Amino acid sequence: MWKPVLTGFVVAAVIVAGFLTFGCGALQNARFCAKNGTAAAMTVRSPARHDAYIRNQMPVTYRGRRNQYLATIGNLVEGARIYDQRCASCHGMMGIGDGEAGEKLVIPPADLSRSLGEQLYRDDFFYWSIAEGGAEFETAMPPFKDELKPGEIWKTLTFMRAAFAENNGAAQDAIALP
Ligand code: HEC
C-alpha cells in the first residue's frame, strides 16, 4: 500500500530536479540564473585591459587613485546626467553593455555591473579606463580626460557604483572613505 505513495514521491522529486537542472537553460535571463555563471560567461570585456590592470601595468599616474566623491544626492544626480549623455548609448541604461551604439562593435561595450561588483577592480581601474579609453587596447571606448573634469569622472563612477554594482561590497568600500 506504500508503493504508490513512494512512486508518487519519486516522480515529484524527479520533476523538481528536472526543473532545477533545465529551468535555467530555458530562462537564461532570469535573475537567479545569473549566479551560476550563465550571464557572466556571455559577457565580453577587453581581456587586454584586465590583464594590464592585474599585472600592475596601468600608467603610474593612475595607480592608487581613490574616489573622494560620496554618494550624496547632488553627486549622484550629476553622475547620472553625465552617464546618460555620454555613456548610456554604448553601455546601456543599466550598465550591462546593451546600448544601441555598441551593437556593431567588434569588442562590445563592457558590462559595467560585472567589474563594479568585483573587489579586485578598484577606483583607479575605472578612472583610468574612463580617462584614457581603449586606444591602447584597440577598442572603441573613447577617452574622456579632455572632455570631463576629474570631478566629473569621479561623480560618474559614484553614480555607476550606486546604480549598477551587482555586489555592493566594492561600493560600500568607496562610499565609506573620509
Ligand atoms: C562608443 C561606445 C562607448 C562609449 C560612448 C563609452 N564606452 Fe566605455 N567601453 C566601450 C567599449 C567597447 C569597452 C570595452 C573595451 C575596453 O575595455 O576598452 C568599454 C569599456 C569601459 C570600461 C572598462 C570596464 C571593464 O570592466 O572592462 C569602463 C569603466 C567604461 N567603459 C566606462 C565608460 C563610461 C563611464 C563612459 C561615459 C563617460 C563610457 N564608458 C562611454 C565603449 C564605449
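Quantities reported herein were computed from a predicted structural model and do not represent experimental measurements.
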*asked:* Using the rule that Ile, Leu, Val, Met, Phe, Trp and Tyr join whenever any side-chain heavy atoms are under 4.5 Å apart, tell me whether I54 and M58 fall into a single cluster.
replied: yes
_Polar side-chain atom of H91 near backbone of G99 as donor-acceptor pair, under 3.5 Å_ = no
*Could you go step by step and tell me if R49 and S129 meet the side-chain contact (heavy atoms from CB on, under 4.5 Å) rule?*
CA-CA 8 Å; R49 175 186 298 291; S129 301; 3.1 Å; yes
_R45/E118 salt bridge by N-O under 4.0 Å criterion_ = yes
*Electrostatic pair E152-K155, nearest N-O below 4.0 angstrom*: no
*Within a reach of under 6.0 Å around CG of L120, are more than 12 heavy atoms found that belong to other residues, nucleotides or ligands?*
yes
*asked:* Please evaluate residues T158 and L70 with respect to the criterion side-chain contact (heavy atoms from CB on, under 4.5 Å), reporting the C-alpha separation (whole Å), side-chain torsions for both, the decisive distance (0.1 Å), and the verdict.
replied: CA-CA 7 Å; T158 301; L70 305 182; over 6 Å; no
*asked:* A quick test of your reading: do over 12 heavy atoms of other residues, nucleotides or ligands sit less than 6.0 Å from CD of Q57?
replied: yes
_Checking L157 against M160 for the side-chain contact (heavy atoms from CB on, under 4.5 Å) test, could you report, in this order, the C-alpha distance in whole Å, the side-chain angles of both residues, the deciding distance, and whether it holds?_
CA-CA 5 Å; L157 178 59; M160 283 160 43; 4.2 Å; yes
*Within the distance-only criterion (no hydrogens, no angle test), does the side chain of D123 pair as donor or acceptor with the backbone N or O of N67 below 3.5 angstrom?*
yes
*Side chain of R65, backbone of T61: donor and acceptor closer than 3.5 Å?*
yes
*Sub-6.0 Å ring centroid separation between F125 and Y62*: no
*For the residue pair I96 and S113, what are the closest heavy atoms and their distance?*
CG2-OG, 4.1 Å
*Measure the spacing between OG1 of T156 and CG of L112 and express it to the nearest 0.5 Å.*
11.0 Å
*Name all residues meeting the ring-ring contact (aromatic ring centres under 6.0 Å, His included) criterion together with F126; count only those two or more places apart in sequence or in a different chain, and write none if there are none.*
none
*Indicate the ring-plane relationship of F159 and Y83, choosing parallel, tilted or perpendicular according to the 30° and 60° boundaries.*
tilted
*Supply the atom-to-atom distance L148 CG to W154 CH2, rounded to the nearest 0.5 angstrom.*
13.0 Å
*Would you give the length of the straight line joining atom CE of M141 to atom CD1 of I130, rounded to the nearest 0.5 angstrom?*
6.0 Å
*Among all residues two or more places apart in sequence or in another chain, which pass the ring-ring contact (aromatic ring centres under 6.0 Å, His included) test with F137?*
W128
_Once rounded to the nearest 0.5 Å, what's the spacing between atom CD of Q68 and atom CG of N75?_
11.5 Å
*Donor on one side chain, acceptor on other, Y53 and D124, under 3.5 Å*: yes
*Please check if atom CD in E138 has more than 12 non-hydrogen atoms from other residues, nucleotides or ligands closer than 6.0 Å.*
no
_Counting the benzene-type ring for Trp, do Y121 and H50 have ring centres under 6.0 Å apart?_
yes
*asked:* Would you compute the distance between atom SG of C90 and atom CD of E103 and round it to the nearest 0.5 angstrom?
replied: 10.0 Å
*Using side-chain contact (heavy atoms from CB on, under 4.5 Å) as the criterion, list what pairs up with A140, not counting sequence neighbours.*
L105
